[in-house]
Amino acid sequence: MKKMMIVILSAALSAPLFSYASMNVAGQTGLIATPSARVAWEETGENLHVTTGYHYFNNNYEYHAPQATVGLFGRFEIGGTYNVAPGTNNNDFLLHSKLRFSPWSGRGNSALAIGGSYQSLNSSPTYTVGQLYLAATYSAQFFGMDADTSIVIGKTFGDISRNGDVDFSMGFDLVLLPSVFNGYLRWVNELSNYDFLYRNAPTSAASRGAFNTGLRVPVLKHMSAVRFDITVAMTDALDSERGFSAGAVFGAKF
């Protein structure tokens with residue numbers, strides 16, 4: 001009996017932690033404004049899923065950002081977001097894609113992914129940039145609460161980008177007080193030195209770095225075929241440009 005208990009305990013401790021992956025403001029599976037190495041529905045390996053969302057920002061200026069993403073085979077996603085700033089010419093479009101290559105099938109405690117984006121930025125004049133990145137995510141326990149920790153390293157290319165700059169962000173997605181909220185409340189944090197839209201986003205990460213923090217509610221976490229999430233966040237929380245963000249995401253598998 002003692003040996004059996006040791007085997008059972010070892011298996012439980014080594015089992016992967018299946019946390020919940022949701023869409024960020026750029027349309028990628030990730031934190032608030034930065035991607036993770038996860039893709040939506042990866043824990044079930046669905047051949048096709050579609051996720052749509054909308055996020056609102058206000059940091060003395062208003063921004064509206066609808067998104068849509070298609071996921072394939074539990075390891076690849078492609079989609080886009082359109083960022084509208086009323087009263088300005090800064091209406092921007094972003095296309096993104098991501099491939100989670102480790103693990104190739106299923107879902108484990110750790111994950112690695114490569115991704116990128118194409119950004120059409122409607123400033124004066126209009127210009128385009130592209131970003132490539134490598135993301136790593138690891139699931140672990142933090143004071144008895146499940147957490148996904150992500151690190152992203154990348155590079156933005158384009159005529160207006162600086163050759164020596166390197167994109168970096170890190171953050172965590174924490175299941176907050178699971179004994180109280182039963183997994184229906186998550187605390188999402190990130191620190192980034194780049195904007196999801198190059199120098200055109202509601203945060204000012206490119207100038208001093210930006211810390212974003214918020215709460216995410218996976219309303220339909222208990223359902224297997226559909227998902228609905230609500231996220232409320234403070235953007236650029238440590239600077240005078242701090243603002244407010246709220247968004248909703250709906251997804252379905254086929």
Where is the tightest heavy-atom contact between [X] and [Y], given as atom of each residue plus distance?
| X | Y | answer |
| --- | --- | --- |
| F196 | A33 | CB-O, 3.6 Å |
| L112 | A136 | CD2-CB, 3.6 Å |
| V175 | G183 | CG1-CA, 3.9 Å |
| T81 | Q67 | OG1-CG, 3.1 Å |

Subject >> Axial cation check for Y184 ring with K221, 6.0 Å and 45° limits >> reply: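 Yes, a cation-pi geometry holds between K221 and Y184.
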Original post:
Does R216 make a cation-pi contact with W187, if we ask for NZ or CZ under 6.0 Å from the ring centre and within 45° of the axis?
Top reply: no
Subject >> F142, CZ: over 12 other non-hydrogen atoms inside 6.0 angstrom >> reply: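 Not more than 12 within 6.0 Å, no.
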Original post:
Do other residues, nucleotides or ligands put more than 12 heavy atoms under 6.0 Å from the CE atom of M145?
Top reply: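 Yes, CE of M145 has more than 12 neighbouring heavy atoms, counting only those of other groups under 6.0 Å.
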Original post:
So R38 and S139, side chain to side chain donor-acceptor pair (under 3.5 Å) or not? Walk me through it.
Top reply: CA-CA 11 Å; R38 304 295 188 193; S139 295; 2.8 Å; yes
Original post:
Strictly by modelled atom types, are T29 and E77 linked by a side-chain donor-acceptor pair under 3.5 Å?
Top reply: yes
**OP:** Kindly work out whether a path of hydrophobic side-chain contacts (I/L/V/M/F/W/Y, heavy atoms less than 4.5 Å apart) joins I32 to V217.
**Re:** no
Subject >> Gap between atom OG of S240 and atom CG of N59 - 0.5 Å precision >> reply: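 The CG atom of N59 sits 10.0 Å away from the OG atom of S240.
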Original post:
Any ion pair linking R242 and D236 (charged N to carboxylate O, less than 4.0 Å)?
Top reply: no
